[in-house]
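Because only heavy atoms are used, hydrogens play no part in the values below, and waters and symmetry mates are left out as well, while side chains stay in. Every value quoted in this text rests on a predicted model; they were computed, and no experiment measured them. Throughout, residue positions are numbered sequentially from 1 according to the sequence presented.
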Amino acid sequence: LLAQVNNSCGAYDNLATIIYASVGGTSVFVCLMAIILVFASGLYTQHIYRLALYQASSSLAFGLSCVLQLTYKYYNDDVNIYSKVCVSLGWFTQFTCSLKLLFSMWMTSHLFLYAVCYRNVKKLEPWFAAGIVVLSFLVSSVPFATHSYGPSGSWCWIENLGGNSCSIQLAGVVEQFALWYGLALVVLLAQCAAIVVMICVVMVRVYRIKRYHLLSSGSTRQYYNLLKQLFPLVSYPLLFTLLITPPFFNRVYEAFRHSGNRGLLLANACIAPAWSLSAGITLIAHVSIVLCCTRVSRSERSSVETEGSVTVGATSSCSSTYFVIPSEDSASLSA
């Protein structure tokens, strides 16, 4: 049986499957709580938080795919049935991975255009969202052409080892790196580079505004609010890049050694579903901070009004994290 072949290759581990599904289940719960929190707080009306919602939604879907991998434990019970289930799970896993990567790329691109180029493309949101879903569907359909979906280590994805001799399935290995690990690392590293440029540009502009008094105090606060908005959101691709590295090395090891390493496999089982978990935790923390700052700001404003202060502008600048882009005339600052 195919699952037994993978076990003889040292690639299958029942504990890894359970860990993978357990962390995935935790991710589903955390992402669901994050989504509920965004809707309950009303922040979903702001475009930037909808981008975070797309991240959380795709992360929830990937976490669900991890939970469903528990069916792989029963692969040997009826190969004819579970082989088809495994193929479906492999496709769903690749589809949700592609969704998460593309939504992350969209968020970073939007922030870069928004903060560096003063270009707001939120009107294109429906087209971007639909295009990402369609592109993810097309990318995840490629392995069907080579019949590469099937048992892959301790769960179902793109098969890279098979046969009685544990031989490398070249098409599967190429697709693993071309459609996911290689592509994801390139895209995520490019996002990290864009984030560094974006933060540097904004910080230089804030410094110049403060040093040369180029804008009014109200416009200056908008730039500070932009920084407060950027720092939580850039954590999504940064954490994604960090967490994708160990699973990448696990697949490289399998490709070169024609077998799995239990330590790397268990690390993969713990870390890969954390792509979803980190997105949910980040969104909950971000929204909680925003709500806390807003509550404190309102309390300070109420106190100031009660004492007869005339400057509502003296309230905390953390009262808004939704940055309004200054006009080019009022903020023509070159980096």
Show the numbers, then the answer: is there a side-chain contact (heavy atoms from CB on, under 4.5 Å) between L111 and M198? CA-CA 8 Å; L111 289 175; M198 176 173 55; 3.7 Å; yes
Given side-chain contact (heavy atoms from CB on, under 4.5 Å), test I48 with K122 step by step and report yes or no. CA-CA 9 Å; I48 202 65; K122 68 178 183 179; over 6 Å; no
Given L99 and Y54, is the side-chain contact (heavy atoms from CB on, under 4.5 Å) satisfied, shown in steps? CA-CA 9 Å; L99 277 179; Y54 290 127; over 6 Å; no
Would F240 and Q55 satisfy side-chain contact (heavy atoms from CB on, under 4.5 Å), going step by step from the backbone distance to the final call? CA-CA 11 Å; F240 199 178; Q55 271 287 309; 5.5 Å; no
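Counting heavy atoms from C-beta outward, Y236 and L283 have side chains that approach closer than 4.5 Å. Counting only heavy atoms from C-beta outward, the side chains of L89 and W155 never approach each other to under 4.5 Å. Proximity of S288 to L37: side-chain heavy atoms (C-beta onward) are separated by under 4.5 Å at one or more points. Between T96 and F92, the closest side-chain pair of non-hydrogen atoms falls below 4.5 Å. Within the 4.5 Å cutoff, the side chain of Q94 has no heavy atoms near those of the V142 side chain.
Taking all atoms of both residues into account, the shortest heavy-atom contact from I132 to F103 is CD1-CD2, 3.6 Å. G63 approaches V28 most closely through the heavy-atom pair C-CG2, 3.4 Å. Here the closest heavy-atom approach between residue T45 and residue R50 is recorded as O-NH1, 3.0 Å. In terms of heavy atoms, A184 sits closest to I244 at CB-CD1, 3.5 Å. Scanning all heavy atoms of the two residues, the minimum distance from V133 to F95 falls at O-CE1, 3.8 Å. Residues V30 and I281 approach most closely at CG1-N, 3.7 Å, considering heavy atoms.
Listed by chain and residue number, W106 satisfy the ring pair (Phe, Tyr, Trp, His ring centres under 6.0 Å) test with F128 (two or more places apart in sequence, or in another chain). Checked against side-chain hydrogen bond (donor to acceptor under 3.5 Å, both in side chains), T146 has the following partners two or more places apart in sequence or in another chain: S148, E175. With sequence neighbours excluded, the residues satisfying side-chain hydrogen bond (donor to acceptor under 3.5 Å, both in side chains) with Q176 are S152. Residues that satisfy the side-chain contact (heavy atoms from CB on, under 4.5 Å) test with L135, not counting sequence neighbours, are L102, V139. Shown here are the side-chain hydrogen bond (donor to acceptor under 3.5 Å, both in side chains) partners of S59, two or more places apart in sequence or in another chain: K100. Every residue two or more places apart in sequence or in another chain that forms a side-chain hydrogen bond (donor to acceptor under 3.5 Å, both in side chains) with T93 is listed here: Q69.
Going from atom CG of L242 over to atom SG of C192 covers 9.5 Å, rounded to the nearest 0.5 Å. For the atom pair CG (L183) and CG (L101), the distance works out to 6.0 Å, reported to the nearest 0.5 Å. Atom CE of M33 is separated from atom CD1 of I284 by 8.0 Å, given to the nearest 0.5 angstrom. One finds the CG atom of L238 at 4.5 Å from the CD1 atom of I195 (value rounded to the nearest 0.5 Å). A distance of 12.0 Å separates OG in S41 from CD1 in I36, rounded to the nearest 0.5 Å. Within the model, atoms CG of L291 and CG of L43 stand 6.0 Å from one another, a figure rounded to the nearest 0.5 Å.
Under the side-chain hydrogen bond (donor to acceptor under 3.5 Å, both in side chains) criterion, no residue pair touches residues 19-31, with sequence neighbours excluded. Sorted by first then second residue, the side-chain hydrogen bond (donor to acceptor under 3.5 Å, both in side chains) pairs that include residues 129-140, not counting sequence neighbours, are W91-S140. Listed by first then second residue, pairs satisfying salt bridge (Lys or Arg N to Asp or Glu O under 4.0 Å) with a partner in residues 263-273 number zero, not counting sequence neighbours. Applying the salt bridge (Lys or Arg N to Asp or Glu O under 4.0 Å) rule to pairs touching residues 264-273 yields nothing, sequence neighbours excluded. Residues in residues 177-203 take part in these side-chain hydrogen bond (donor to acceptor under 3.5 Å, both in side chains) pairs, two or more places apart or across chains: S104-Q191, T108-Q191.
A distance-only check finds a donor-acceptor pair linking the side chain of S65 to the backbone of F62 [under 3.5 Å].
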Side-chain atoms of residues 266-275: list all donor-acceptor pairs with protein atoms under 3.5 Å, sequence neighbours left out, distances to 0.1 Å.
residue : atom : partner : partner atom : Å
W275    : NE1  : L243    : O            : 3.1

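If you chain together hydrophobic residues whose side chains sit under 4.5 Å apart, L113 and I199 fall into the same group. If you chain together hydrophobic residues whose side chains sit under 4.5 Å apart, L53 and F29 fall into the same group. Both F137 and V87 belong to a single network of hydrophobic side chains, linked directly or stepwise wherever heavy atoms of I, L, V, M, F, W or Y lie under 4.5 Å apart. When hydrophobic clusters are built by joining Ile, Leu, Val, Met, Phe, Trp and Tyr residues whose side-chain heavy atoms come closer than 4.5 Å, directly or via intermediates, V187 is not grouped with L239. In the hydrophobic clustering of this structure, Y44 groups with V287; members are Ile, Leu, Val, Met, Phe, Trp, Tyr whose side-chain heavy atoms approach within less than 4.5 Å, directly or through other members.
Summarising the local packing, CZ of F144 is surrounded by more than 12 heavy atoms from other residues, nucleotides or ligands at distances under 6.0 Å.
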